[in-house]
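Report on the following structure.
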Amino acid sequence: WRLSILLKNAKNAPEKSSDRESKDISKALQLYQQERRPVAQRNAALSVRNYNRTLRLAKACYLNDQHPSAVIAMLSSPPLSFLPLEARQDMFRRLVKTAMWPLKFLEEKTNPQGQHMRNNVRDILSRREGLPLLFPKFELGFGYTA
């Protein structure tokens with residue numbers, strides 16, 4: 001809040017700002033960085049952890065997070081890169097749809113592959129390694145009030 005007031009005052013009357021106010025702003029920025037950097041680092045680490053947790057669930061269903069990048073690289077290289085953009089976009093959509101096709105097995109209760117994928121997901125969830133941020137205040141250690 002102090003930083004906000006200092007910046008607002010400097011913005012409203014830039015010609016009247018003194019060396020003292022500039023030093024106050026500089027000090028407030030340093031303090032703000034010291035206070036916020038650890039929070040930002042924890043949030044970044046948590047985001048990476050959550051991304052990896054989400055990928056585990058996808059991999060449990062035999063989805064590979066590298067496939068879209070590989071398909072894009074393939075469609076961007078000759079001779080496919082010479083096709084019109086609309087044709088390449090259509091190919092991309094069809095290839096992604098094909099890659100997602102095994103997920104249909106999850107709906108079939110008697111399908112052995114579907115049972116295997118459900119067991120994989122159940123195993124991850126039982127170890128509490130999936131579906132992150134169910135309780136952000138607990139996981140992050142703080143929360144925002146509306």
Side-chain angles (χ1 to χ4, degrees), residues 1-15 17 22 24-146:
W1 61 269
R2 182 171 182 234
L3 179 62
S4 176
I5 291 171
L6 288 169
L7 292 173
K8 205 176 285 183
N9 288 343
K11 180 182 174 189
N12 291 338
E15 66 284 345
S17 42
S22 294
D24 285 348
I25 291 172
S26 179
K27 184 177 179 180
L29 285 170
Q30 287 174 346
L31 289 172
Y32 182 79
Q33 183 181 22
Q34 288 172 359
E35 291 172 1
R36 299 304 302 165
R37 181 179 290 268
V39 172
Q41 288 171 331
R42 282 195 307 271
N43 286 344
L46 181 64
S47 293
V48 170
R49 184 179 129 237
N50 288 342
Y51 175 73
N52 288 328
R53 290 168 81 179
T54 302
L55 284 182
R56 274 190 223 129
L57 287 172
K59 288 177 183 178
C61 296
Y62 303 103
L63 299 176
N64 187 321
D65 64 309
Q66 300 300 313
H67 285 168
S69 298
V71 169
I72 289 170
M74 178 186 71
L75 293 173
S76 301
S77 300
L80 295 178
S81 62
F82 299 127
L83 293 173
L85 178 61
E86 188 176 295
R88 287 183 285 146
Q89 288 172 333
D90 184 56
M91 287 176 75
F92 180 82
R93 281 190 291 275
R94 290 173 188 264
L95 288 167
V96 168
K97 187 176 180 180
T98 301
M100 301 288 282
W101 184 71
L103 292 179
K104 292 183 183 280
F105 295 139
L106 287 170
E107 299 170 1
E108 301 171 17
K109 300 289 184 199
T110 58
N111 184 292
Q113 189 171 358
Q115 288 174 343
H116 188 69
M117 286 189 282
R118 281 191 298 280
N119 288 338
N120 289 345
V121 170
R122 196 174 294 119
D123 184 46
I124 289 170
L125 296 178
S126 70
R127 292 190 317 260
R128 297 182 182 265
E129 294 177 358
L131 304 179
L133 285 180
L134 295 174
F135 303 100
K137 184 172 170 94
F138 174 76
E139 291 189 19
L140 294 174
F142 69 90
Y144 296 104
T145 55

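What you see is a predicted model; the values in this text were computed from it and never measured.
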Check side-chain contact (heavy atoms from CB on, under 4.5 Å) between [X] and all other residues, then give those that pass, not counting sequence neighbours.
X      : answer
Asn52  : Val48, Leu55
Ala87  : Leu83, Pro84
Ile124 : Arg56, Leu57, Ala60, Arg127, Glu129

With the side chain counted from C-beta on, respond yes when [X] and [Y] share a heavy-atom pair under 4.5 Å apart, and no when they do not.
X      : Y      : result
Arg118 : Val121 : no
Val71  : Met91  : no
Arg122 : Leu125 : no
Ser126 : Asp123 : yes

Nearest heavy-atom neighbours spanning [X] and [Y]:
X      : Y      : answer
Leu63  : Ala99  : CD2-O, 3.6 Å
Ser76  : Ser81  : O-CB, 3.3 Å
Gly114 : Leu106 : O-CD2, 3.9 Å

> What side-chain hydrogen bond (donor to acceptor under 3.5 Å, both in side chains) pairs are there with at least one residue in residues 96-110, not counting sequence neighbours?
Replying inline: Glu108-Asn111
>> Under the salt bridge (Lys or Arg N to Asp or Glu O under 4.0 Å) definition, can you give me all pairs with a residue in residues 76-90, not counting sequence neighbours?
In response: Asp90-Arg94
Please round to the nearest 0.5 Å and tell me the distance separating atom [atom1] of [X] and atom [atom2] of [Y].
X      : Y      : atom1 : atom2 : value
Ser69  : Met74  : OG    : CE    : 12.5 Å
Leu103 : Gln113 : CG    : CD    : 9.5 Å
Leu31  : Arg36  : CG    : CZ    : 13.5 Å
Leu46  : Gln41  : CG    : CD    : 13.5 Å

> Is there a side-chain contact (heavy atoms from CB on, under 4.5 Å) between Lys59 and Asn120 once you walk through the steps?
Replying inline: CA-CA 9 Å; Lys59 288 177 183 178; Asn120 289 345; over 6 Å; no
>> Quick test of your reading: applying ring pair (Phe, Tyr, Trp, His ring centres under 6.0 Å), list the pairs with at least one residue in residues 66-99, sequence neighbours left out, ordered by first then second residue.
In response: none
